[in-house]
Structures are given as C-alpha cells and as structure tokens.
Amino acid sequence: MTTAYPEAAGRLAPHLRGGQVVVLFSSKLCESVEFAHALAAAGAGDVDVVETDALFAARPSGTGGVTVLGTKGWNLISGSGPAAVARHAGLSRDWFPMPEVAADPVERGLHDFGAVAHVPIALANLGTIDRAEELLFYVEGVSPRTIALPERTEAEFAVVARAYGARLLPTTEVLDHYYGCPATTPLDASRLVEPYRTIATPTSLDHRFLAEDIRSTLVPPQALARRAGTATPMVDAAITIMSVLGGEDFHRTGRTPARLGWEGLGHAGILRRLEAGDRAGGRAA
C-alpha cells in the first residue's frame, strides 16, 4: 500500500547512494515528493524519485498467484522535480513505453482513476461492503443517480488541477487511453471497461479502496485546494464520513503538506516547489 512508502523510504535511505533512482508504481498523488522528502529526512544522498501509476489491473488469484486483468495502453510519469523526470523518463519509457511525461506530480496523481472512483463508489455501497455481500464493484456498484458521486469528485479534481497549472482529462478519455473503451459517459465507462467487469466489491470498510485512497488521493487535493482558495465539498464529505466510520482522523494521518515537505507553504510557494523540484536539505531533484 502507498501508505507504507514513507516507512520504506526510511529503511532504504541507508542503502541508497547519490545518482541512484527510485521508481514508484501506483504512487497516488505526489508520492514521489513525499518519498524524496522522507529520504532526505533519513539522510539519503542525492537520490532521484520518479513515479507512475500502476501499469496494469491485477488481482490476487488463489493463495499464491496474481491474475492480470488488463495492461494499460497509456499512463503518466512524473517525479519529485522536473530535473529528476528529465534524467530518467527516457530510460523508464524504454522499459515501459506507455507513459507520457506529466506537467508535475499533481497532474499525474489527479489522473489516477482509482482516486475518482474507489471512494465515491464505496460510499454508495457502504452497507453492502460492511455486510460483506457480493457485488461487482464497477458493474453493479453504480447507478444512474449514484454515478453523481464520482462525477462530482472528478469535477473538484479538475478545479484543483487548474489551480496548479494542469489539465485533467475526463474519466471517459482516461479509460479509453487505458484499455480502449470509447464510452461517452462515466456510467457507461464503469460498466464497459473489460478488466473491471469481474472486480468485486470490498468485503470490509478497512479495504484499501477506502483507507489507502482517502489518505493518499483525497487528503492531498483537499489541502492543495484550500491553499489555492478553492472548495472541495465532495472530497471533504468523503474524508469526514470515512474518518467517522474508520475511527481515524484522515486529515491528520493522510498525505498532508507536512509529509510532502510543504508545511507552511501557500499556493504560490507550492507552485514554485513544483516548478523547481524539492529535496529538503539537498539539491532540487
């Protein structure tokens, strides 16, 4: 889970040397920034950190296997700073040709489809999840009315993206880039994407679709929005509801500006860090 990345950074730091690079997959929003900040705090050298989203959809199979449901045909790559991306994007794309370079980690993270879909769809099915009842998450978990929850989340993400100089592609376009699904509405897309058709609803409110995505994909854009003077009522509500149900203050335990090394920075200060790169106590990554 992405919530374990800071601990992983602390454990890796003594073994990393200047000039090495860490590549994060399924990093959610601004994880390369958090990871680089954690490495610097642990005394690591000048280590670059780059990130992308998961390159395929996969689920556990049996007790020791994994089933790959589909490979994405498109993705975005970013990093702890523009220089880190410039140094390593070419090599990364030699191995994985599908990612394009994002403007910054905010743009990359806001394009994570799970960020838009997981929590809102789960919120529409909380009783079913808590009772561990069977339901196909994407195919049966949304209706013509409840699709409004991920749509509103996407709209708020788009506002945050614009506030930080990025453009958010519509969900339907992202899924078409991923898997070739030319749906015209988010409801159709959620039901037609082939790799998602067999994915079941979680059987616990402690599932990563809620805990991980709240911490790593809803808390950061909420904080970014507040610093830009914009509102995120749907995101705010999701964080509040799940904090109550989970017995955890996600505003405190999530990926806060302090965890990114951005504590005390306003909107303009964060924009400057995104443009220049940020490694606390070291060179711009």
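Counting from 1, the numbers follow the sequence of the chain as shown.
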K.L.:
Decide, yes or no, whether a salt bridge links Arg11 with Glu7 under the criterion of side-chain N to carboxylate O below 4.0 Å.
P.N.:
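Yes, charged N to carboxylate O under 4.0 Å.
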K.L.:
Mind checking the CZ-CZ spacing from Arg208 to Arg215? Nearest 0.5 Å is all I need.
P.N.:
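Nearest 0.5 Å value for the CZ-CZ distance: 13.0 Å.
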K.L.:
I need the minimum non-hydrogen distance between Pro105 and Glu51, along with the two atoms involved.
P.N.:
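Result for this residue pair: CB-OE1, 4.1 Å.
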K.L.:
Can a donor-acceptor pair be found between the side chains of Ser27 and Arg108 at a distance below 3.5 Å?
P.N.:
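The criterion, which ignores hydrogens and geometry beyond distance, is satisfied for Arg108 and Ser27.
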K.L.:
Verify whether one side chain among Asp53 and His111 offers a donor that lies under 3.5 Å from an acceptor in the other.
P.N.:
no
K.L.:
List the atom of Gly141, the atom of Ile121, and the distance in Å for their closest heavy-atom pair.
P.N.:
O-CG2, 3.7 Å
K.L.:
With sequence neighbours left out, what residues match Glu100 under side-chain hydrogen bond (donor to acceptor under 3.5 Å, both in side chains)?
P.N.:
Trp74
K.L.:
Taking all non-hydrogen atoms of both residues, which atom of Ala183 and which atom of Leu192 are closest, and how far apart?
P.N.:
CB-CD1, 4.4 Å
K.L.:
Roughly how far, to the nearest 0.5 Å, is CG of Asp104 from SG of Cys30?
P.N.:
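So the gap between those two atoms works out to 7.5 Å.
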K.L.:
Please tell me whether Ser143 and Thr146 have a donor and an acceptor in their side chains that are separated by less than 3.5 angstrom.
P.N.:
yes
K.L.:
Does the side chain of Glu154 pick up a donor-acceptor pair with the side chain of Thr171 at under 3.5 Å?
P.N.:
yes
K.L.:
Taking NZ, NE, NH1 and NH2 as the nitrogens, is one of them in Glu140 or Arg191 under 4.0 Å from a carboxylate oxygen of the other?
P.N.:
no
K.L.:
Only counting residues at least two apart or in another chain, list the ones meeting side-chain hydrogen bond (donor to acceptor under 3.5 Å, both in side chains) with His118.
P.N.:
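Checked His118 against side-chain hydrogen bond (donor to acceptor under 3.5 Å, both in side chains); matches are Tyr138, Asp213.
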